[in-house]
Asker: 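Supplied in structure tokens, the structure appears directly below.
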Amino acid sequence: MNIINIEAEDYITFEDKTSGNIGGVYRNDDVDIENSNDSNGGYSVGWIETGESLTYNLIIPEDCNYKLVVRAASAVDGDHSFTISIGTQSRELNLENTGGWYAWENVYSPELLSLNAGEHELKIEMLGSHFNLNYFQLIPINNNDKIQEINLDFGNIFNGGIGNQTFEDTGIDTVNYTQTNSGINANLNDGIVNYNSVLVTDTPLTIMPLGDSITEGYLASDYGGYRDDLWSLLTNNGYNIDFVGNRSRGSGNFDKDHAGVTGERIDQVANRVNGLLNTYQPDVVLLMIGTNDILQNNNLDDAPNRLSNLIDQITNLSPNTHLFVASIPPDKNPARNQLVQQYNSFIPSIVNSKWVAGKNVTFVDIFSQMNIYDLEDDVHPTPTGNNKIAQSWYNALPNIYTPHNSLNSNKDTLNNIDNIIGTNYNDTLTGSSTDNIIVGGAGNDVLTGDAGADKFVLASGSGTDIITDFQVGEDLLVLSNNLTYDQINIVSGSNFGYSSNDTLILNQNQHLAVLTGIEANSITPDIFAIS
């Protein structure tokens, strides 16, 4: 059975408290409709007030239980609750502040709807206000589809993470890297585990801070911007680093080199970045850009595409450089801050799509760590704000690098080990020719089962796992830590910036896994199990 989709703008009757269509698109009655700016395009209903309502015609193809999903967004705190009724069944849902009018999230009904085949009327009644609606989905959950319960047999569990270890087969064996302080690249087939760490060497890790005045340091209160704070965090925690770039600014005893230029937009950074990469060949680039595109109102609809092209430009020219791409800080001006949130909402999916394509790129969420009190003027951070930016960059680095003296070795040896549990950072885990249990852990991981009937373990709050070779009918997705099948949503990857040939597994608004090369309509409940 297919998912039933209902677009918010396709109502048959309505109750609206304001005259005219404020958004000015699609229809000419009193419901306020605008372009959704969501990844799937289309329109959305906005300017919602308490007491308004919308009704829709609905055709249910056959008797079934359905999970209700509503795509919604809001940029403010408050009561964003609503009820949805189909026949005699009603569900009340509520939406938090998602961080922007176009920062779309899925809201799920707390209970399934049991619907009979035939024509129905769906009605949404607004109990709260100030939120946007994009679409509704009814996802069939058939009671005849039995989700199997399994016991994951990890056998003998060895603890890895200190480096220079050898683990031998003693039956069914698992190596657990949960306590490791960096990501790993592990392959059960060749028996090698490499740590994503800077080796013990006198050669420093070269880091290029790249961006605009927020990178350069603009205000007299903090000439070094976030860079002096980041330097202190890194050097005080064992990192051997060298900031690089063609500019120098700041006060005090730190490496002042950088590549930030006051007033620059995305396109201007793109015009000069090739020369910077060729000259300095950095190990790491810290990119935060887009503030001036908004300040200068520079073709904002195309800004996410310009950022995507800039990411490609950097990663294609310098594929061994790891690029960290940040959301931009807030703006004290409310109208511009809404544009900031809209722009930022595109960045995670852009970065994720590059990462899925094999590029060395990581998203860093700086916007959510700051508020308008961290700004000295409309856009430039106070010393406290700069410290928050530095902390965000610093927290992201252990996903790729650890202090150069933190591990005794960067390699473990595995002899006929069956299963592996990853770290709390970003891992690349590959199975063997036999059946394996692969647990990515808390980071954003790339998982490959290789041959055999493999079990990929998913849990809420454990990052996004990219599963590269999932075999329908052979491999299993195992839901753990009280995660149930009713709590997940299965959608086409195209809805979130992935390929239409990929399937995204969601829990609420969390991306649990991406199955590459597997279309969503081929996913059935029997590929899942519960542990």
Side-chain angles (χ1 to χ4, degrees), residues 6-9 11 14-25 30-39 42-56 68-85 90-111 122-137 294 327-348 365-375 378 388 489 506-510:
I6 306 145
E7 300 294 334
E9 68 273 13
Y11 49 85
F14 65 89
E15 295 179 28
D16 194 278
K17 291 188 172 182
T18 57
S19 177
N21 179 355
I22 297 174
V25 298
D30 292 335
V31 178
D32 306 311
I33 302 174
E34 62 182 327
N35 293 316
S36 73
N37 294 303
D38 202 354
S39 55
Y43 304 100
S44 59
V45 173
W47 294 274
I48 288 171
E49 298 295 335
T50 302
E52 296 180 339
S53 65
L54 300 164
T55 58
Y56 303 83
L68 173 65
V69 183
V70 181
R71 188 80 165 156
S74 179
V76 297
D77 296 330
D79 180 8
H80 310 311
S81 60
F82 53 91
T83 60
I84 291 184
S85 302
S90 180
R91 301 289 183 267
E92 181 174 333
L93 292 82
N94 196 11
L95 174 71
E96 302 293 336
N97 180 347
T98 65
W101 297 113
Y102 310 112
W104 298 102
E105 292 185 3
N106 291 334
V107 184
Y108 296 80
S109 59
E111 299 175 339
L122 183 152
K123 184 174 184 178
I124 178 168
E125 297 175 275
M126 316 307 176
L127 306 178
S129 61
H130 298 95
F131 59 97
N132 294 342
L133 294 171
N134 189 351
Y135 57 78
F136 315 96
Q137 287 184 328
I294 292 171
S327 54
I328 62 175
D331 190 314
K332 279 186 178 178
N333 179 287
R336 285 202 304 268
N337 197 47
Q338 183 169 340
L339 297 173
V340 167
Q341 293 176 71
Q342 180 180 340
Y343 169 72
N344 281 338
S345 70
F346 287 95
I347 300 178
D365 187 4
I366 281 175
F367 177 87
S368 69
Q369 304 305 306
M370 301 180 67
N371 57 59
I372 59 173
Y373 303 107
D374 296 319
L375 302 173
D378 277 0
K388 289 182 177 181
N489 192 12
L506 297 171
N507 168 237
Q508 298 292 337
N509 61 336
Q510 299 175 20

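Source: prediction; values computed, not measured. Starting from 1, each residue takes its place in the sequence as its number.
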Asker: Measure the shortest side-chain to side-chain distance between W101 and V76 over non-hydrogen atoms and say whether it is less than 4.5 angstrom.
Answerer: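 Result yes, sub-4.5 Å side-chain heavy-atom pair found.
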Asker: Rounded to the nearest 0.5 Å, what separates atom CD in E92 from atom CZ in F82?
Answerer: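 If I round to the nearest 0.5 Å, the distance is 9.5 Å.
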Asker: Counting N and O atoms only, with roles assigned by atom type, does the side chain of N94 sit under 3.5 Å from a partner on the main chain of S81, one being a donor and the other an acceptor?
Answerer: yes
Asker: Kindly compute the distance separating CE (M370) from NZ (K388), expressed to the nearest 0.5 Å.
Answerer: 7.0 Å
Asker: Looking at side-chain heavy atoms only, is the closest gap between V107 and E96 below 4.5 Å?
Answerer: no
Asker: As an exercise, state the distance from CG of L133 to CG of L95, rounded to the nearest 0.5 Å.
Answerer: 8.5 Å
Asker: Any side-chain heavy atom of T50 sitting closer than 4.5 Å to one from D79?
Answerer: no
Asker: Does the side chain of V70 come within less than 4.5 Å of R91's, by heavy atoms?
Answerer: no
Asker: Is the backbone N or O of G23 less than 3.5 Å from a side-chain atom of D32, with the two atoms forming a donor-acceptor pair by type?
Answerer: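 No.
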Asker: Determine whether more than 12 heavy atoms belonging to other residues, nucleotides or ligands lie under 6.0 Å from atom CD of E49.
Answerer: yes
Asker: Only counting residues at least two apart or in another chain, list the ones meeting side-chain contact (heavy atoms from CB on, under 4.5 Å) with I372.
Answerer: K332
Asker: So do F367 and I347 actually touch side chain to side chain, heavy atoms under 4.5 Å?
Answerer: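 No, their side chains stay 4.5 Å or more apart.
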Asker: Looking at N37, is its backbone amide N or carbonyl O close enough to the side chain of N35 to form a donor-acceptor pair, meaning the two atoms are under 3.5 Å apart?
Answerer: no
Asker: Could you go step by step and tell me if Y11 and I33 meet the side-chain contact (heavy atoms from CB on, under 4.5 Å) rule?
Answerer: CA-CA 12 Å; Y11 49 85; I33 302 174; 3.8 Å; yes
Asker: So, N344 side chain and I328 main chain: donor-acceptor pair closer than 3.5 Å or not?
Answerer: yes
Asker: Tell me if a side-chain donor or acceptor on N132 pairs with a main-chain N or O of A73 at a distance below 3.5 Å.
Answerer: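 The answer is no, because no donor-acceptor pair under 3.5 Å joins these two groups.
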Asker: May I ask you to test the L339-Y343 pair for a side-chain heavy-atom distance under 4.5 Å?
Answerer: no
Asker: Would you say S74's side chain and H130's backbone share a donor-acceptor pair under 3.5 angstrom?
Answerer: yes
Asker: Is there a donor-acceptor pair closer than 3.5 Å between any side-chain N or O of Y135 and the backbone N or O of E9?
Answerer: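 Checked: no pair found.
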Asker: Are the side chains of Q137 and N106 in contact, using a 4.5 Å heavy-atom criterion?
Answerer: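 Counting from C-beta outward, N106 and Q137 never come under 4.5 Å.
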Asker: Between S44 and S36, what is the shortest heavy-atom contact and its length?
Answerer: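 What the structure gives for the nearest pair is OG-CA, 3.6 Å.
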Asker: Does a donor on one side chain and an acceptor on the other come within less than 3.5 Å for S85 and S90?
Answerer: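 Yes, side-chain donor-acceptor contact under 3.5 Å.
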Asker: When rounded to the nearest 0.5 angstrom, what distance separates CG in D16 from CD in E52?
Answerer: 4.0 Å
Asker: Quick one: are Y102 and N134 in side-chain contact, heavy atoms under 4.5 Å?
Answerer: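 Answer no - side chains too far apart.
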Asker: To the nearest 0.5 Å, tell me how far F131 CZ sits from M126 CE.
Answerer: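 F131 CZ to M126 CE: 5.0 Å, rounded to 0.5 Å.
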Asker: Kindly compute the distance separating CD1 (I84) from CD1 (I124), expressed to the nearest 0.5 Å.
Answerer: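 These two atoms lie 4.5 Å from each other.
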Asker: Kindly determine whether L54 and F136 satisfy side-chain contact (heavy atoms from CB on, under 4.5 Å), including the steps that lead there.
Answerer: CA-CA 12 Å; L54 300 164; F136 315 96; 5.7 Å; no
Asker: List in chain and number order the residues that pass side-chain contact (heavy atoms from CB on, under 4.5 Å) with S345, two or more places apart in sequence or in another chain; answer none if no residue qualifies.
Answerer: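 For S345, the residues satisfying side-chain contact (heavy atoms from CB on, under 4.5 Å) (neighbours in sequence not counted) are A103.
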Asker: Considering all heavy atoms of both residues, which atom of T98 and which atom of G100 are nearest to each other, and what is their separation?
Answerer: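 Shortest heavy-atom separation between T98 and G100 comes out as OG1-O, 3.2 Å.
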